[in-house]
Novice: 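Dropping a structure here in structure tokens format, bear with me for questions.
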Amino acid sequence: MIVITGVGRSGTSFLARLYRELGFDPGGRWLPALNAGYEDDEVVEANERVAHDLGLRFLGGPGPPPTGRWAQTIGRMRRMGRGRSLDRFDTIRPDSVAPTAERHGDRLREVASSHVVVKDPRFCWTLAVWLHAGAAIDHVVLSTRSMDAVIASRRAAGHLRYRTEAAAAKELTHALGLCFSAIAEHELAHTVVRFPHVLDRPEELAASLPFPHPLDAAVVIAAVRTAGRRDLVHDWR
């Protein structure tokens, strides 16, 4: 299975659309309201279950609204200008990966064996569990983008729930670290794509991407130009 991932709003939907144009459907559908999509329901469900057991709340910021005395304490902190300390994010305890992989291993291996190409930003957080479980992941295509552009795109899409952009940048950077760490630990083949600049270099992308079977470079280049909706890119940093 080829995994397309990134921190979200970083070009993953473009890559999923490219693979779809080339005949390798990642599943899911395009969501015009979000300018994103192509996430298979089975993959998303599996990642959500893994994330739950890891204690993650993807970009949930400070979590549910506080109640009782804690709410009063937070109110005082905000009035004193200390609200930023609340913009913390969940990290993954290293000792939680193995038991989570054991608990969900059968399902993860089943999903990986029945899909050729998948796309889900959640893999940035969950990839280590899939690999620890022995899921058949052959290659990771990691889409990266300027963090300022990612945050701006998340804000426009309503996906930025932190009170500060600095807090969001910390979580997203942490997620990239988790992904690279899992790739390195398992010596997994991977390709790093720089979005949106890659739209101006279709030949380089065609030469670097993995495919389930060989494709003519001209075919891939043509698909890059078709899938690369430049009108949807509002920030070229």
Side-chain angles (χ1 to χ4, degrees), residues 1-10 12-13 16 26-29 31 34 36-68 70-71 74 86-115 117-137 140-143 150-151 154 157-163 167-183 185-186 188:
M1 180 173 76
I2 297 171
V3 167
I4 301 168
T5 194
V7 294
R9 317 306 297 186
S10 60
T12 55
S13 292
R29 59 191 178 89
L31 304 173
L34 298 178
Y38 303 129
E39 294 176 9
D40 183 87
D41 288 343
E42 288 187 326
V43 173
V44 170
E45 181 184 10
N47 271 329
E48 290 285 5
R49 290 180 181 276
V50 167
H52 177 272
D53 284 8
L54 291 175
L56 297 172
R57 301 184 304 260
F58 294 115
L59 292 178
T67 58
W70 180 229
I74 287 178
L86 302 174
D87 280 328
R88 56 187 181 273
F89 60 88
D90 298 317
T91 57
I92 296 175
R93 287 172 35 199
D95 61 357
S96 68
V97 172
T100 303
E102 176 69 23
R103 191 174 303 114
H104 298 283
D106 289 343
R107 181 56 178 162
L108 299 184
R109 290 187 290 270
E110 178 186 357
V111 171
S113 66
S114 61
H115 293 71
V117 177
V118 297
K119 170 252 179 176
D120 191 354
R122 297 169 184 83
F123 277 110
C124 274
W125 288 263
T126 66
L127 183 62
V129 174
W130 288 73
L131 295 174
H132 195 91
I137 296 176
V140 170
V141 181
L142 180 61
S143 190
V150 168
I151 292 173
R154 279 189 169 275
H159 292 174
L160 194 68
R161 291 181 282 176
Y162 279 99
R163 283 185 294 277
K170 287 179 181 178
E171 169 142 359
L172 297 172
T173 302
H174 175 68
L176 285 174
L178 289 174
C179 190
F180 276 116
S181 177
I183 288 171
E185 181 178 349
H186 293 268
L188 184 62

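The basis for the numbers below is simple: all heavy atoms, side chains too, and nothing from hydrogens, waters or symmetry mates.
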Novice: Work out which heavy atom in Arg9 is nearest to a heavy atom in Val150; give both atom names and the distance.
Specialist: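 In terms of heavy atoms, the two residues are closest at O-CG2, 3.8 Å.
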Novice: Could you check Val50 against Leu108 for side chain to side chain contact (heavy atoms under 4.5 Å, CB included), going step by step and ending with a plain yes or no?
Specialist: CA-CA 9 Å; Val50 167; Leu108 299 184; 4.1 Å; yes
Novice: I'd like to know whether Glu39 forms a side chain to side chain contact (heavy atoms under 4.5 Å, CB included) with Val43, so could you lay out the CA-CA distance, the side-chain angles of the two residues, the decisive distance to 0.1 Å, and finally the verdict.
Specialist: CA-CA 7 Å; Glu39 294 176 9; Val43 173; over 6 Å; no
Novice: Which heavy-atom pair separates Ile137 from Leu188 by the least distance, and what is that distance?
Specialist: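 Shortest heavy-atom separation between Ile137 and Leu188 comes out as O-CD1, 3.3 Å.
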Novice: So do the side chains of Pro26 and Ile2 get within less than 4.5 Å of each other, counting heavy atoms only?
Specialist: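 Result no, sub-4.5 Å side-chain heavy-atom pair not found.
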Novice: Could you tell me whether the side chain of Ser181 and the main chain of Gly177 form a donor-acceptor pair under 3.5 Å?
Specialist: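 Answer holds: no.
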Novice: If I take atom CG from residue Asp40 and atom NZ from residue Lys119, how far apart are they, to the nearest 0.5 angstrom?
Specialist: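 Answer for the CG-NZ pair, Asp40 versus Lys119, is 11.5 Å.
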Novice: Can you see which heavy atom on Trp130 is nearest to which on Met1, and at what distance?
Specialist: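 So the two residues come closest at CZ3-CE, 4.1 Å.
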Novice: Over all heavy atoms of both residues, which pair between Ile4 and Thr12 is shortest? Give the atoms and the distance, please.
Specialist: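 Of all heavy-atom pairs spanning Ile4 and Thr12, the closest is CG2-O, 3.9 Å.
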Novice: Using a 3.5 Å distance criterion without hydrogens, assess whether the side chain of His186 forms a donor-acceptor pair with backbone atoms of Ala182.
Specialist: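 No, the answer is negative, given that no donor and acceptor are paired below the 3.5 Å cut-off.
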Novice: With distance as the sole test, does Ser13 use its side chain to make a donor-acceptor pair with the main-chain N or O of Gly37 at under 3.5 Å?
Specialist: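 The answer is yes, because a donor-acceptor pair under 3.5 Å joins these two groups.
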Novice: Rounded to the nearest 0.5 Å, how far apart are CD of Glu171 and NE2 of His174?
Specialist: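 Separation between the atoms: 7.5 Å.
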Novice: Please check: side-chain N/O of Ser143 versus main-chain N/O of Ser10, any donor-acceptor pairing under 3.5 Å?
Specialist: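 Checking the backbone N and O of Ser10 against the side chain of Ser143, a donor-acceptor pair under 3.5 Å is found.
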Novice: Taking the side chain as every heavy atom from C-beta outward, state whether Phe123 and Val118 have any pair of such atoms under 4.5 Å apart.
Specialist: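 They are in contact (side-chain heavy atoms under 4.5 Å apart), so the answer is yes.
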Novice: Under a 3.5 Å distance rule, please check whether Arg109 uses its side chain to pair with a backbone N or O of Gly134 as donor and acceptor.
Specialist: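 No, because the side chain of Arg109 does not come within donor-acceptor range (under 3.5 Å) of the backbone of Gly134.
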Novice: Give the intermediate values and the outcome of side-chain hydrogen bond (donor to acceptor under 3.5 Å, both in side chains) for residues Asn47 and Thr126.
Specialist: CA-CA 7 Å; Asn47 271 329; Thr126 66; 2.6 Å; yes
Novice: Please determine whether the number of non-hydrogen atoms from other residues, nucleotides or ligands lying under 6.0 Å from atom CG of Asp41 exceeds 12.
Specialist: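 No, not enclosed.
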Novice: Are Val129 and His104 packed together at the side-chain level, in the sense that at least one heavy-atom pair is separated by less than 4.5 angstrom?
Specialist: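 Side-chain contact under 4.5 Å: no.
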Novice: With rounding to the nearest 0.5 angstrom, report the CG to CH2 distance, Leu176 to Trp125.
Specialist: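 These two atoms lie 8.0 Å from each other.
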Novice: Between Glu185 and Leu131, is the side chain to side chain contact (heavy atoms under 4.5 Å, CB included) condition met? List the steps.
Specialist: CA-CA 10 Å; Glu185 181 178 349; Leu131 295 174; over 6 Å; no
Novice: Between CG of Leu54 and OG1 of Thr100, what distance do you get to the nearest 0.5 Å?
Specialist: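 Leu54 CG to Thr100 OG1: 4.5 Å, rounded to 0.5 Å.
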Novice: Could you check whether any side-chain heavy atom of Leu178 comes within less than 4.5 Å of a side-chain heavy atom of Ile92, counting everything from C-beta outward?
Specialist: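 A side-chain contact exists here, since the closest heavy-atom pair is under 4.5 Å.
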Novice: Val117 vs Val141, test: side chain to side chain contact (heavy atoms under 4.5 Å, CB included). Steps then yes/no.
Specialist: CA-CA 10 Å; Val117 177; Val141 181; over 6 Å; no
Novice: Identify the two heavy atoms, one from Ala101 and one from His132, that lie closest to each other, and give their separation to 0.1 Å.
Specialist: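 The answer is CB-CD2, 3.7 Å.
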Novice: Mind listing the closest non-hydrogen atom pair of Val97 and Ala128 along with its distance?
Specialist: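 Minimum heavy-atom contact is CG1-O, 4.0 Å.
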Novice: Above 12 or not: heavy atoms from other molecules or residues under 6.0 Å from CZ of Arg49?
Specialist: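 For Arg49, atom CZ is not crowded (no more than 12 foreign heavy atoms under 6.0 Å).
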